[in-house]
Asks: 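The structure follows.
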Amino acid sequence: MHYDFKDIEKKWQKKWLDDKVFSVQQSDKKEKYYVLEMFPYPSGNLHMGHVRNYSIGDVVARFKRMNGYNVIHPMGWDSFGLPAENAAIKRGIHPNEWTWSNIENMRRQLKELGISYDWDREVATCHPDYYKWTQWMFLQLYKRGLAYKKKSYVNWCPSCATVLANEQVVNGACERCKSIVGKKELEQWFFKITDYAQRLLDDIEKLKGWPDKVKIMQQNWIGRSEGVEVDFKVDGMDKVVRIYTTRPDTIYGVTYMVIAPEHPIVKELIKGTEQEETCKEFINKMSYLNEIDRTSNEVEKEGVFTGRYVINPLNNDKVPLYLANYVLAEYGTGAVMAVPAHDQRDFEFSKKYGLPIKVVIQPEGQQLDASKMTEAFEEVGYLTNSGKFDGVRSDEAIGKIIDYIEQMGYGERKVNFRLRDWLISRQRYWGAPIPVIYCDDCGIVPVPEEDLPVILPTDVKFSGQGESPLSTSETFIAAKCPKCGKMGRREIDTMDTFVCSSWYYLRYCDPCNAKEPFDKESVKYWMPVDQYIGGVEHAILHLLYSRFFMKALYDMGYVAYDEPFTNLLTQGMVLKDGAKMSKSLGNVVSPEEIIEKYGADTARLFILFASPPEKDLEWSDQGVEGCYRFINRVWRIINDFIDAIKEDQAIDTSKFTAEDKKLWFMVNNTIKRVTDDVGQRFNFNTAISAIMELVNSLYYYKDKVADESKNSALLKVAIENMIIMLAPFIPHATEELWRIIGKEGSVHDQSWPKYDPDALIKDEIEIVVQINGKVRDKLVIPSNLTKEQVEEQALKCEKIVAETQGKNVVKVISVPGKLVNIVVK
RNA sequence: GCGGACGUGGCGGAAUUGGCAGACGCGCUAGACUUAGGAUCUAGUGUCACCGACGUGGGGGUUCAAGUCCCUUCGUCCGCACCA
């Protein structure tokens, strides 16, 4: 019999599906385990990154299942989004049709990989049964003031013709299409994620099973800073400009102030000044600049004098007020006090515009001369020129000066976050409609829950021009006000797809519920996700949004946990020739082609064997061949022993020969290693190599032990365990082999083997003998010798005697069971 | 600039707590079987001046012992980037 993967894989895939082997129900008898891989966007075809993601998840799911857990392992589709709409514009196919045919194809590909999904729990975010509840989520957030509409400068991608969240702007470009993102003043819907900034930050500590990298990225993104806000009076006006600073210790060194050109107060300030026209020009110029040109570090600092002066409340200094390109309107108060002596940005600006530099912190044992400085002094030092704070160490002065500012009523302590509210409206068609109606009398009116879902209309035109396609649907726009019944207008913006993916893991717990997004009890049973697996590109976006959703739902009482994912594995990329597989580089290997040529088992095995999951993986056609050979090698050795292992026989270790003992040790040691590598360390590559070593041992046993001396009971156990341990990696071949060796039922229903600790105790062990830390000899000795006996033996070795002759043995160090090191002089 | 990860044979990678560096696989070499083999099996495979020495990016240190710990330096990759 030979390994005919094509028939075998097809046969078992069908059987698993028909028998619903991987469908799960809640059960009090077993502990639950939730394995989740980030659901894909249905682009049409699986790529190797998907294969890697799902293969990793499948090993975990199958392993946990064999370890007695009630494993939920669902799959679905993140199926709203722009590509569907672009396909509609380009090819005239309706997004709905395009998306569903892609889903169908990818579902087939997933099934051909033999991943152990519970297909009864499949969800698609573009299905009305799903987005009904996404809309419901919106309404709940709206009810609690966590969804609101505001006019502001937002990121605008000209190519996607929609606004973007801050998280979707990467280096000033659209995360999706790489076009340069501009700014537009628009009225948009936001989720108030900033309300949760502190909790999102604090609870990072709870995420013990997350990679530090991701946690640090989230921390930086949330970007908490502590400081103080201070009011500076505008000279000659009944106005104040409020600044925010984290360095109040430098406040006596303020020599000018800078304010963002977009700051709402600016218009009033410049009115009637001599500089009004120059300022207006500057403001106009800035408004045309895109994010990149405006905020890049390389861009030179630029500004103009407003003609106004402000007064530093601490020392009554009158300092000029400038508009400057480097001040961000959205952060802090949009105005910054400038201390050129102690802030590099201010230093550069002051040099350019000839503004004074005033030293207020002196480094220990030095005297800075403002006129000779070449860069700002930003380190800790001692205050000078700072009134009653002179001589105080600058880091201690921060708290003292804030206290003083508060006492005097100049301002107050303030914590700021870099995190901005999440802009969720999109001017696109293929998304969940925002369930809101505008009424001339009642204003913004949410659609009542019983009227959900707000269905996406089909009478729309996809021109790729002008407004959102939804604006072309007469049937959609016209809607009665739910409050007064008067004719109103429906919101034509849809939700960011990240809204849909922020709660899908909850829907899997109760996917068919028509009355609620999910049943509380089901969610309580299955959640949180025990193991989440996906690419690091979602370190901020999806993972932060999901955490926010979970916390909001927790506060509303819908869920019992406020963190969705207990453990997170961020898998590395799949590379070919050192670069990420991409169409433009022409280095793509399609999963379908590999499955066709070698089978799903080989594809999975290679991907798991080539590299540990969190590292990047270099694709190797020869490596794939090697894995294919390995499966064949397993296949052959089992068939070689098939007659010997047919009958049931009890193992009798007392009759073991030396070779039997070696193999028995190997079997048990492999169980130990694989259990640990898969269950604890997630190092599938070393787990597989351990099994390869076991296979090599079986070949050795076959070759070196005479037939009449072969222990068939031992062989039977060895082979059974080998098949079981390989089952999570190559589920089809092992299922077939399980039958071939005469077993009933599925190998995937077997419990994970346990090793016999006695089998790991060797009668004889090898001890390394070192002189001054260098290996000189090896000693095979009985394992039960005392430390002293071992040392004695070591000192008696021929080589050691020869080498230590005439030298002084200073010390002997032994590591039990491992080595003896003899220190000589 | 700030933050993080990493650097080990010809290649992918092992070495889990400081204890034999290079497991396992690829590739390569030789042999066996064979009409033939790109199938399979067996043996070998870090480097060199090969009974020995050297060797985990470089330099220094701690230690009986360092890929692993400390200092320093170089390089690669990733994230953030005027956040006051």
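As a basis for the values below, the full set of heavy atoms in this structure was taken, side chains included, without hydrogen atoms, waters or symmetry mates. Throughout, a chain's letter reflects where its sequence line sits, starting with A, and its residues are numbered from 1.
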Asks: Can you tell me which nucleotide in C41(B), G19(B), A84(B) comes closest to the side chain of Ser225(A)?
Replies: A84(B)

Asks: Sequence neighbours excluded, which residues qualify as side chain to side chain donor-acceptor pair (under 3.5 Å) partners of Arg681(A)?
Replies: Asp677(A)

Asks: So Gln219(A), base contact, sugar-phosphate only, or nothing? Heavy-atom distance under 4.0 Å.
Replies: nothing

Asks: Evaluate the side-chain proximity of Met666(A) to Tyr700(A): yes if any heavy-atom separation is below 4.5 Å, no if none is.
Replies: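 Counting from C-beta outward, Tyr700(A) and Met666(A) never come under 4.5 Å.
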
Asks: Rounded to whole angstrom units, what separation is found between the CD1 atom of Ile631(A) and the P atom of U40(B)?
Replies: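 For the pair Ile631(A) CD1 and U40(B) P, the rounded distance is 13 Å.
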
Asks: Report yes if at least one side-chain N or O of Ser620(A) is closer than 4.0 Å to OP1 or OP2 of G25(B); otherwise report no.
Replies: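 No.
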
Asks: Check RNA chain B against residues 669-676 of chain A and give the residues with a non-hydrogen atom under 4.0 Å, in numerical order.
Replies: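 Hits under 4.0 Å, by residue number: Asp676(A).
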
Asks: To the nearest Å, how far apart are Trp221(A) CH2 and G3(B) C1'?
Replies: 15 Å

Asks: Within this structure, what is the CG-to-P distance between Asn821(A) and C64(B), rounded to whole angstrom?
Replies: 10 Å

Asks: Distance between the C1' atoms of A49(B) and G12(B), in whole angstroms?
Replies: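 Here A49(B) and G12(B) have their C1' atoms 32 Å from each other.
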
Asks: Return the nearest nucleotide to the side chain of Asn220(A); candidates are C41(B), G3(B), C20(B).
Replies: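 Selected nucleotide (nearest to the side chain): G3(B).
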
Asks: Applying a 3.5 Å limit to both distances, which nucleotide forms a Watson-Crick or G-U wobble pair with A32(B)?
Replies: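 Pairing partner: U40(B).
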
Asks: Hey, does the side-chain of Lys818(A) have a donor or acceptor N/O within less than 3.5 Å of a partner on the base of C20(B)?
Replies: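 Answer is no: no donor-acceptor pair is held.
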
Asks: Can you find a side chain N or O atom of Lys811(A) that sits less than 4.0 Å from OP1 or OP2 on C64(B)?
Replies: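 For C64(B), OP1 or OP2 has a side-chain N or O of Lys811(A) closer than 4.0 Å.
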
Asks: Should G75(B) form a Watson-Crick or G-U wobble pair with both distances under 3.5 Å, which nucleotide is its partner?
Replies: C6(B)

Asks: Are any protein N/O atoms closer than 3.5 Å to N/O atoms in nucleotides 4-15 of chain B? If there are, list each pair with its distance.
Replies:
from, atom 1, to, atom 2, distance (Å)
G12(B), O2', Ala610(A), O, 2.7
G13(B), O3', Asn685(A), ND2, 3.4
A14(B), OP1, Asn685(A), ND2, 3.2
A15(B), OP1, Arg681(A), NH1, 3.3
A15(B), OP1, Arg681(A), NH2, 2.9

Asks: Can you name the residues that form a salt bridge (Lys or Arg N to Asp or Glu O under 4.0 Å) with Arg547(A), not counting sequence neighbours?
Replies: Glu563(A)

Asks: Under 3.5 Å, is there a donor on one side chain and an acceptor on the other for Gln218(A) and Trp210(A)?
Replies: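 No, because no side-chain N or O of Gln218(A) sits under 3.5 Å from a partner of the opposite role on Trp210(A).
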
Asks: What one-letter contact string describes nucleotides 43-52 of chain B from 5' to 3', where B marks a base within less than 4.0 Å of any protein heavy atom, S marks contact via sugar-phosphate atoms alone, and - marks no contact?
Replies: S---------

Asks: Which nucleotide, if any, forms a Watson-Crick or G-U wobble pair with G27(B), using both distances under 3.5 Å?
Replies: U45(B)

Asks: With a 4.0 Å cut-off on heavy atoms, is Lys774(A) in touch with a base, just the backbone sugar-phosphate, or nothing at all?
Replies: sugar-phosphate

Asks: Between P on A39(B) and CG on Asn639(A), what's the gap in Å once rounded to a whole number?
Replies: 20 Å

Asks: For C77(B), does the O4'-C1'-N9-C4 (purine) or O4'-C1'-N1-C2 (pyrimidine) torsion place it in syn, i.e. within 90° of 0, or in anti?
Replies: anti

Asks: So does Arg629(A) get a side-chain nitrogen or oxygen closer than 4.0 Å to the phosphate oxygens (OP1/OP2) of G27(B)?
Replies: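 Checking Arg629(A) against G27(B): at least one side-chain N or O falls below 4.0 Å of OP1 or OP2.
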
Asks: Could you check whether Tyr326(A) and Glu302(A), counting side-chain N and O atoms only, form a donor-acceptor pair closer than 3.5 Å?
Replies: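 Side chains of Glu302(A) and Tyr326(A): no pair found under 3.5 Å.
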
Asks: Please name all residues satisfying side chain to side chain donor-acceptor pair (under 3.5 Å) with Thr333(A), sequence neighbours left out, ordered by chain then number.
Replies: none

